[in-house]
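Position 1 is the first residue of the sequence; numbering continues from there.
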Amino acid sequence: MNIKRSQIIIVVGVVFFVFSIVLLGWFSSKKVREVVTDNFNQQQLVLARNSAKLIEHDIESLKSQLSVMAAAPYLFDDTKRSDDDMKIIFLNIRDKGGVQIRYVDRHKLSVRLADDRGVETTRATSTDINYLKLQNISNSRDEIFTSRISIENLAGYNRPIINFVKPVKKGGAGLSAGSDNYSGVLIFVVDAYSLISRVTQDIVSGMTGHAFVIDQNNIFLYHNEQAFIGRDSTVVRGEKSPEIPFERINDIQVNHMLKGEEGTDWYISGWHRGEIGEMKKLIAYTPIRLTESGDQIWSIAVIAPISEVEDAIHSIQVRLFLIQLLIISGTLVFGLLNIHMLINWSKSLQKEVDRKTLEFKLSEEKYKSLVENADDIIFTVDHNLRYLSINRYGMEFFHKKYEDIIGHSIENIIPHPFVEDVSTIAIDVFTHHESVKFTHYLKMGENEYWLNTKMRRLYDEESKTYTVLGISRDISATKKKEIEKQMYHTEKLASMGTLAAGVAHEINNPLAIILGFSDLLLEKTSPCSSEYTMLKTIEKHALNAKKVVEGLLSFARYSEQKEEICDINKNIEVVVAVVKNTLAMNSIRLKSELQPYLPPVKGDPGKFQQVFLNLINNAIHAMKGGGSLSIKTRLLDDEFLEIRFCDTGHGIRIEDRDKIFDPLFTTKKVGEGTGLGLSVCYGIISQHGGKITFETETKEESRRPGTTFIITLPIVKTGDSG
């Protein structure tokens, strides 16, 4: 009985022992599978994150180049220099998927286009005109518009195309609120597939895993199968494997990826790299944000068949099964051997983890290398504005070692008072959670810089802002050229004003004496004598000289104007009545398009008439063989009205365009002009708070040459007239 009981106990014990070992093995196998699978998917997520950051960096780089180009409107002139510069810029963006650079001229409705074929001018398309209308509506915000994806056929392949659009101001600076002072829009046409493939084509997860990218409309922007590009992902999967239900991957894309979420999961597919059949795949995904507001996103996913993980798990499971058999044998030796094999299994798992960790570190080093080799200052600061990191370029810029910057406040690195703007904006980003882009001045020792800095927040796992990332680009060379050009023009006008005043003063006295004595002699001389004729000649030329002196004085020191409410249309009609016969004698057709009921402006009517007469006389001189003069007025917006004088003359030569408003500069023959007309016009319009600009084309530039002078003046708003 005791033996049977012992046997039963032993059998029960053995059965329990075996069952426990089997159950423990099953749980262990399941846990190993979960740990390794999750670890593999996390590695895929790291790849997806790094790739998304690299793509976002390329997009930001394209936008930065777009902003810099939009700030240099000379690039859109039809000159060899501008052609060469546009070619260089196009070559820079082509590596990031650039297909075309398009500058759409708002007034001419023409396009200055740069692509692989070179630079040319074409007519604006309906899409270009739509962008003009879009920017006209939102011209109070100087920002970059990012279009939705459109599918176009390039070289026989469907390619997703995205446009980055920025308004261009006539003078090159940012647009001012509520004004209509932009000349057109600048468009970077980018092949999204080429942009993305720069990063994704080298992604390999495990042995055969790869990546794909979709946009907000579920369209494939990148996939390792070319036929999928530009097509709806749900449709193309169903066409390739109609027998496979793709509900899970469709649900992942629609309810997670397209909503800008990040995560890992699995789904059932019908193929992988030429292998056909139902198979389970692991997927890790993260968003690619195209705009700071996050209203436009793509999503990148890294996928691999679960067999990539199962191969590693299978070897572990085989060893675990052997361990179970040895334990079932019931001997101590086998028990010790089992322990030894468990240790080996643990080491094998650790090696696998170490290998995956090494891959992660290599991936992290690759991303870090991109940051360290960037030609911008890239840094992070904490809530106390202490540096947490800075790249090599930043250390070289501040001439400090890494340990002299990290942990120190920005106030210890950036000198006063220049640090105030930076610290204020950094605190604002922490407080209000908004990204900020600004330009600021910085002086380090004897060196002066202009930096364009962008700051954005970074989140921790709890979605709390733990640091601010800053990227600063040195734009000193561009800023210095702008300042030097402004100073040169200001100094030139100041010196010419001083010279004009001095010349007028020195000439006025002898002219007064000449005219006085001429008048006395004329009274004493018979009108029929030759002496009388000679005296009249002297008087005539002295009066001409007096007019020149008065013009110089008008340029050097404008007389006090009488402010009153003026009707621009009536002032134009007064001047037209004076010159109407002169226009007819010179075979010039006059066309007036004066918008009725224009709001009045405040100023001196005589001064305005002087400007209008000057511009009409210049137009007559430019159309010596006859032509057409058009005068137009219109209301621009709630603040300004516009006057246009358009002639069909020979146009202004390229080499003269920067000098036409300079005092004493004239293209007329000696005796026909003083070179003061346009400079005086410029002064009068500026004194009244307006602007005068021009558009011109010569015979070499267009089959329809001519010049248009454009005057904008502030209107008198209701309630301001009194």
J.: Looking only at heavy atoms, which two atoms of G603 and F608 are closest? And how far apart?
T.: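 Taking G603 first and F608 second, the nearest heavy atoms are CA-CE1, 4.0 Å.
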
J.: Indicate the atoms forming the closest heavy-atom contact of A124 with V104, along with that distance.
T.: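 Closest pair (atom of A124, atom of V104, distance): CB-CG1, 4.2 Å.
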
J.: Does K166 reach the side chain of K63, with side-chain heavy atoms less than 4.5 Å apart?
T.: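 In short, these two side chains do not touch, never coming nearer than 4.5 Å.
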
J.: Got a salt bridge between D83 and K87, using NZ or NE/NH1/NH2 to carboxylate O under 4.0 Å?
T.: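 No, D83 and K87 are not salt-bridged.
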
J.: Measure the shortest side-chain to side-chain distance between Y103 and I101 over non-hydrogen atoms and say whether it is less than 4.5 angstrom.
T.: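 Of all side-chain heavy-atom pairs linking I101 with Y103, none is under 4.5 Å.
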
J.: Do the side-chain N and O atoms of D85 and S82 include a donor-acceptor pair separated by under 3.5 angstrom?
T.: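 Note: D85 and S82 side chains miss the donor-acceptor criterion.
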
J.: Do N569 side-chain atoms and Q595 backbone N/O form a donor-acceptor pair below 3.5 Å?
T.: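 Such a contact is found between N569 side chain and Q595 backbone.
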
J.: Before giving the answer on side chain to side chain contact (heavy atoms under 4.5 Å, CB included), spell out for T453 and V422 the whole-Å C-alpha distance, their side-chain angles and the decisive distance to 0.1 Å.
T.: CA-CA 9 Å; T453 298; V422 180; 6.0 Å; no

J.: Are any non-hydrogen side-chain atoms of F645 and N618 less than 4.5 angstrom apart?
T.: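 A side-chain contact is absent here, since even the closest heavy-atom pair is not under 4.5 Å.
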
J.: Would you check if I620 and N617 make a side-chain contact, meaning some heavy-atom pair closer than 4.5 Å?
T.: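 Contact flag for I620/N617 side chains = yes.
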
J.: Could you give the distance from CG (L66) to OG1 (T146), rounded to the nearest 0.5 Å?
T.: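 L66 atom CG to T146 atom OG1 measures 9.0 Å (nearest 0.5 Å).
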
J.: Please report the shortest heavy-atom distance between S472 and L451, naming the atom on each side.
T.: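 Shortest heavy-atom contact: CB-CD1, 4.5 Å.
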
J.: Over all heavy atoms of both residues, which pair between A70 and P167 is shortest? Give the atoms and the distance, please.
T.: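 Distance-wise, the nearest heavy atoms are CB-O, 4.3 Å.
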
J.: Side-chain contact test, heavy atoms from C-beta onward, threshold under 4.5 Å: evaluate it for M585 versus T582 and give yes or no.
T.: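 They are not in contact (no side-chain heavy atoms under 4.5 Å apart), so the answer is no.
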
J.: Give the intermediate values and the outcome of side chain to side chain contact (heavy atoms under 4.5 Å, CB included) for residues F164 and I59.
T.: CA-CA 9 Å; F164 299 105; I59 292 173; 3.9 Å; yes

J.: Considering non-hydrogen atoms only, spot the tightest contact between A114 and V119 and give its length.
T.: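 So the two residues come closest at CB-CG2, 4.0 Å.
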
J.: Would T125 and D128 count as a side-chain hydrogen bond (donor to acceptor under 3.5 Å, both in side chains) if you check the C-alpha gap in whole Å, the side-chain angles of each, and the deciding distance to 0.1 Å?
T.: CA-CA 5 Å; T125 66; D128 297 328; 3.0 Å; yes

J.: Is it the case that the side chain of D637 and the backbone of F640 share a donor-acceptor pair, with hydrogens and angles ignored and the cut-off at 3.5 Å?
T.: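 Confirmed, D637 side chain pairs with F640 backbone.
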
J.: For the atom pair CD1 (I93) and CD (Q100), what is the distance rounded to the nearest 0.5 Å?
T.: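 Reported value, rounded in 0.5 Å steps: 9.5 Å.
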
J.: Looking at D191 and V99, would you say the former's side chain and the latter's main chain have a donor-acceptor pair under 3.5 Å?
T.: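 No: the side chain of D191 does not pair with the backbone of V99.
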
J.: Could you give the distance from CZ (R653) to NZ (K699), rounded to the nearest 0.5 Å?
T.: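 So the gap between those two atoms works out to 13.5 Å.
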
J.: Within a 6.0 Å radius of atom CG on D638, are there more than 12 heavy atoms belonging to other residues, nucleotides or ligands?
T.: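 Counting neighbours around CG of D638, 12 or fewer heavy atoms of other residues, nucleotides or ligands fall under 6.0 Å, so no.
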
J.: Please lay out, stage by stage, how L109 and L132 fare under the test side chain to side chain contact (heavy atoms under 4.5 Å, CB included).
T.: CA-CA 9 Å; L109 293 182; L132 282 176; 3.8 Å; yes

J.: May I ask you to decide if V611's main-chain N or O and N614's side chain share a donor-acceptor pair within less than 3.5 Å?
T.: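 Such a contact is absent between N614 side chain and V611 backbone.
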
J.: Answer yes or no: is there a donor N or O on one side and an acceptor on the other, between the side chain of E593 and the main chain of S630, under 3.5 Å?
T.: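 Checking the backbone N and O of S630 against the side chain of E593, no donor-acceptor pair under 3.5 Å is found.
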
J.: Output yes when E539 and K536 qualify as a salt bridge under the 4.0 Å nitrogen-oxygen rule, no when they do not.
T.: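 So E539 pairs with K536 through a salt bridge.
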
J.: Atom CD1 in I565, atom NZ in K602: separation rounded to 0.5 Å?
T.: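 The NZ atom of K602 is 5.0 Å from CD1 of I565, to the nearest 0.5 Å.
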
J.: So, do R112 and D105 sit near enough that their side-chain heavy atoms are less than 4.5 Å apart?
T.: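 R112 does not reach D105 side chain to side chain.
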
J.: Would you please classify the geometry between the F418 ring and the Y441 ring as parallel, tilted or perpendicular, with 30° and 60° separating the classes?
T.: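 Plane angle over 60°, so perpendicular.
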
J.: Quick one: does N163's side chain get under 4.5 Å of R102's, heavy atoms only?
T.: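 No; the side chains remain at least 4.5 Å from each other.
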
J.: Using only atom types and a distance under 3.5 Å, with no angle test, would you say the side chain of T648 pairs donor to acceptor with the backbone of S628?
T.: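 Present.
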
J.: So, for C681 and I692, which heavy atoms are closest and what is the spacing to 0.1 Å?
T.: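 For C681 versus I692, the nearest heavy atoms are CB-CD1, 4.5 Å.
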
J.: Could you tell me whether R644 atom CZ has more than 12 heavy atoms of other residues or ligands within 6.0 Å of it?
T.: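 Yes.
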
J.: Quick one, D604 and H688 - any side-chain contact, counting heavy atoms below 4.5 Å?
T.: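 Side chain of D604 against side chain of H688, heavy atoms only: contact under 4.5 Å found.
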
J.: I'd like to know if the side chain of Q609 reaches the main chain of G606, judged simply by a donor and an acceptor atom lying under 3.5 Å from each other, with no hydrogens or angles considered.
T.: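 A pair under 3.5 Å: no.
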
J.: Rounded to the nearest 0.5 Å, what's the gap from CG on N452 to CZ on F438? Could you check?
T.: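 With rounding to 0.5 Å, CG (N452) is 8.5 Å from CZ (F438).
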
J.: Check for a donor-acceptor pair, side chain of S587 on one end and backbone N or O of G626 on the other, with a separation under 3.5 Å.
T.: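 Judged by distance alone, no pair lies under 3.5 Å.
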
J.: Evaluate the side chain to side chain contact (heavy atoms under 4.5 Å, CB included) criterion for residues R657 and F694: first the C-alpha distance (whole Å), next the side-chain angles of each, then the deciding distance (0.1 Å), finally the verdict.
T.: CA-CA 9 Å; R657 293 174 186 174; F694 68 92; 3.9 Å; yes

J.: Tell me whether N571 contacts the main-chain N or O of D567 through its side chain, where contact means a donor paired with an acceptor under 3.5 Å.
T.: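 Yes.
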
J.: Whether K108 and E697 form a salt bridge (side-chain N of Lys/Arg under 4.0 Å from carboxylate O of Asp/Glu) is what I want to check.
T.: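 Salt bridge present between E697 and K108.
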
J.: What is the distance from atom CZ of F188 to atom CD1 of I89, rounded to the nearest 0.5 Å?
T.: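 Here the interatomic distance stands at 6.5 Å.
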
J.: Within the side chain of T696, is there an N or O that forms a donor-acceptor pair under 3.5 Å with the backbone of I652?
T.: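 Indeed, once roles are kept as given, a pair shorter than 3.5 Å links the two residues.
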
